[in-house]
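Okay, structure first, notes after.
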Amino acid sequence: MAAAQFDAIVIGAGSVGNPTAYFLEKEGLRTLVLDELSASGQGQNKAAIGGVRATHSDPAKITLCRQSIEVFSQWKDETGTDIGWKKGGYCFPAFTEKVESTVKGLLPVQKKYRLNIDWLEADELRKVVPGINENGLRGGTFSPDDGQVSPLQAAESFTNEAVRLGAQYRYREPVTSLVMHGNSVVGVRTPVGEYRATTVVNTSGVRASEICKMAGLNVPILPDSHEGGISAPVEQFLGPLIVDLRPGPEGKTINFYFGQDANGQIIFCYTPIAPISGTNRNSTYEFMPIVAARLVEVIPRLKNLMIRRVWRGLYPMTPDGSPILGKHPNVEGFVLGVGMCGQGFMLGPGVGKNLASLVAHGTTAIDRDVFDLLSPARDLYQGKKEALK
Ligand SMILES: Cc1cc2nc3c(=O)[nH]c(=O)nc-3n(C[C@H](O)[C@H](O)[C@H](O)COP(=O)(O)OP(=O)(O)OC[C@H]3O[C@@H](n4cnc5c(N)ncnc54)[C@H](O)[C@@H]3O)c2cc1C
């Protein structure tokens with residue numbers, strides 16, 4: 001029997017794959033999405049705490065996340081489905097001179113890209129973050145247009161909308177090899193069969209290197225584990241997602257971030273000082289005591305929170321801390337949306353929109369020079385950047 005033919009095949013129904021499929025269908029391309037798991041968004045997508053900000057220091061991430069925010073914030077009006085969008089902003093409070101100078105140092109580039117972000121003095125910041133610890137508080141930056149979304153609700157809704165437009169989703173079907181014609185990818189194989197397409201889009205998250213290897217490419221994506229957790233709901237009091245850039249007094253954390261989601265639950269995670277490479281997803285005994293101390297240090301009234309659940313997920317890391325996006329220069333018909341590091345959920349819709357435009361028209365939705373900063377052709381080992389999250 002001849003293999004089924006599609007315009008595009010997306011490998012991975014995750015933070016990036018689902019919006020990519022949705023935008024490919026919007027471009028009128030017949031799309032197949034394959035995932036090895038039994039439902040959409042069950043990879044690292046569901047590990048994300050749902051923070052969505054355009055306030056980065058990298059022009060490509062700023063521009064892509066700005067597009068993501070447009071999509072997330074208009075989703076309910078466009079589709080009628082609530083994905084937990086909460087426009088509470090992001091706040092980076094400064095309790096030390098070093099943090100003050102770091103966040104103020106980012107403002108010129110952020111303003112150059114017309115981001116709505118400013119430094120607030122301590123008095124004003126207290127109004128934005130009620131109950132913040134005033135001890136040593138110097139002020140902080142606040143970007144009111146950023147926000148939060150539920151990763152599980154978003155995955156489900158992007159999938160439903162993509163399917164409504166015509167996309168086919170097949171679960172429990174791992175891609176085991178690529179069908180190659182010389183230097184071109186022309187399809188994929190799974191244990192169930194073979195599927196052909198003009199373009200294959202690799203959005204397989206932490207497994208992306210394996211898929212690239214099937215096309216003879218060495219694209220370094222390494223898993224790095226991070227823990228998160230969520231409380232029982234409490235009355236809404238906290239608008240922004242807070243990023244505390246101070247290293248933790250326990251000597252184990254670089255920074256710590258948390259917010260209150262649309263259901264009132266406090267959701268949180270931190271960045272460990274020493275990256276924890278590998279795929280171990282067992283929760284550690286030290287996570288909760290460290291988080292509890294850090295939460296109460298920033299907002300003392302959180303001392304009575306009831307914690308509901310913790311988990312450990314994986315960041316798909318690249319050597320320079322930035323995603324790898326676009327057509328691969330050495331292989332035809334193969335598009336990458338990989339290496340999202342700790343920002344794949346917020347980048348997802350912006351990346352999906354641009355990849356779909358690239359596949360459909362050969363052009364990107366954002367300025368091509370900016371998009372190409374994340375090209376697979378760049379030197380991934382140059383200018384190693386420190387990702388904020
Ligand atoms: C604790 C924690 C908190 C985080 N918080 C945030 C946050 O606030 N904001 C944010 O933007 N990001 C956050 N992240 C990061 C975010 O979760 C990831 O960057 C993002 O989910 C990666 O998206 P992805 O689409 O690349 O991968 P995934 O969402 O994992 O999707 C990849 C999919 O590919 C499938 N797959 C893999 N191999 C194959 C194969 N061979 N065949 C078929 N299918 C395959 C997988 O099953 C998976 O469903 C957080 C991560 C963690 C761990």
Side-chain angles (χ1 to χ4, degrees), residues 9-21 32-53 56 61 64-65 68 72 90 146-152 154-155 158-159 169-178 188-191 200-214 221 223-230 241 243 257-259 261 267-272 276 281 283 287 291 310-318 323-325 336-352 387-389:
I9 294 173
V10 175
I11 307 174
S15 302
V16 181
N18 289 323
T20 302
L32 169 69
V33 184
L34 293 163
D35 202 292
E36 63 183 349
L37 299 176
S38 54
S40 190
Q42 297 299 308
Q44 301 317 310
N45 176 79
K46 73 173 178 188
I49 67 165
V52 174
R53 65 184 159 96
H56 300 274
K61 286 190 198 172
L64 290 167
C65 285
S68 290
F72 282 134
Y90 255 73
D146 294 331
Q148 293 173 68
V149 173
S150 157
L152 279 172
F158 273 111
T159 304
Y169 272 67
R170 298 185 68 98
Y171 300 113
R172 299 189 191 88
E173 270 201 66
V175 169
T176 48
S177 64
L178 299 177
V188 306
R189 292 187 197 91
T190 75
V200 171
V201 188
N202 180 4
T203 57
S204 58
V206 288
R207 307 271 307 278
S209 286
E210 286 171 44
I211 301 288
C212 289
K213 242 179 225 134
M214 296 173 192
I221 313 288
D224 191 349
S225 75
H226 290 251
E227 290 181 86
I230 194 162
L241 214 138
V243 184
Y257 32 102
F258 66 98
D261 70 13
I267 190 161
F268 45 81
C269 51
Y270 63 60
T271 307
I276 307 171
R281 296 188 64 182
S283 292
F287 175 68
V291 162
V310 294
W311 62 88
R312 184 165 166 205
L314 309 171
Y315 286 7
M317 292 304 294
T318 56
I324 302 175
L325 305 180
L336 303 182
V338 303
M340 297 297 141
C341 305
Q343 294 155 351
F345 180 68
M346 64 180 86
L347 283 160
V351 169
L388 279 177
K389 184 171 119 180

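Atoms within each ligand, like the ligands themselves, are counted from 1 in listed order. The first residue of the sequence shown is numbered 1, and numbering continues consecutively from there.
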Between V338 and ligand 1, which part of the residue brings a heavy atom under 4.0 Å of the ligand: side chain, backbone, both or neither? neither
Main-chain N/O of A13 paired with N18 side-chain donor or acceptor, under 3.5 Å: yes
Quick test of your reading of the structure: of V175, V16, L241, V149, whose heavy atom lies closest to atom 25 (O) of ligand 1? V16
Could you tell me whether the side chain of D224 and the main chain of Y315 form a donor-acceptor pair under 3.5 Å? no
Mind checking side-chain hydrogen bond (donor to acceptor under 3.5 Å, both in side chains) for E173 and listing every partner two or more places apart, or none if nothing turns up? R170, T190, Y195
From atom 18 (C) of ligand 1, work out which of C341, A48, G205, G342 has a heavy atom at the shortest distance. C341
Counting from 1, what ligand 1 atoms have a heavy atom of L34 closer than 4.0 Å? 43 (C), 44 (N)
Which atoms of ligand 1 are found less than 4.0 Å from any heavy atom of L37? 47 (O)
R281 atom CZ: more than 12 heavy-atom contacts under 6.0 Å: yes
Side-chain donor/acceptor of S15 to backbone N/O of G348, under 3.5 Å: no
Are I211 and V338 close enough that some pair of their side-chain heavy atoms sits under 4.5 Å apart? no
Interfacing atoms of ligand 1 (cut-off 4.0 Å, heavy-atom, E227): 1 (C)
Using distance alone, decide if ligand 1 has a nitrogen or oxygen within less than 3.5 Å of any nitrogen or oxygen in W311. no
Kindly say whether L314 contributes a backbone atom to a donor-acceptor pair with the side chain of Q44 at under 3.5 angstrom? yes
Atoms of ligand 1 under 4.0 Å from any heavy atom of L314, numbered from 1 in the order shown, are 53 (C)
Subset of ligand 1 atoms that lie under 4.0 Å from at least one heavy atom of Q343: 10 (C), 11 (O), 12 (N), 19 (O)
Just go through E210, H226, Q44, Q42 and tell me whose heavy atom is the nearest to atom 30 (O) of ligand 1. Q44
For S204 and I11, indicate whether the former's side chain and the latter's backbone hold a donor-acceptor pair under 3.5 Å. no
Quick look: I211 vs ligand 1, heavy-atom contacts under 4.0 Å, and the answer is side chain
Any residue meeting side-chain hydrogen bond (donor to acceptor under 3.5 Å, both in side chains) with T203, in chain and number order, not counting sequence neighbours: none
Taking 4.0 Å as the limit for heavy-atom contacts, which would you say applies to S225 with ligand 1: side chain only, backbone only, both, or neither? neither
Filtering A47, S68, S40 for the heavy atom nearest atom 1 (C) of ligand 1 leaves A47
Report the part of R207 in contact with ligand 1, treating N, CA, C, O as backbone and CB onward as side chain, heavy atoms under 4.0 Å; options are side chain, backbone, both, neither. side chain
Are any of the N/O atoms on M346, whether in the backbone or the side chain, positioned under 3.5 angstrom from an N/O atom of ligand 1? yes
Do T176 and R189 meet the criterion of a side-chain donor-acceptor pair at a distance under 3.5 Å? no
In terms of atom number and element, which parts of ligand 1 are under 4.0 angstrom from non-hydrogen atoms of G50? 7 (C), 8 (O)
Where ligand 1 meets P174 - atom numbers and elements under 4.0 angstrom, heavy-atom basis: 42 (N), 43 (C)
Note, F268 side chain near F287 side chain (heavy atom, < 4.5 Å): yes
Between I49 and ligand 1, which part of the residue brings a heavy atom under 4.0 Å of the ligand: side chain, backbone, both or neither? both
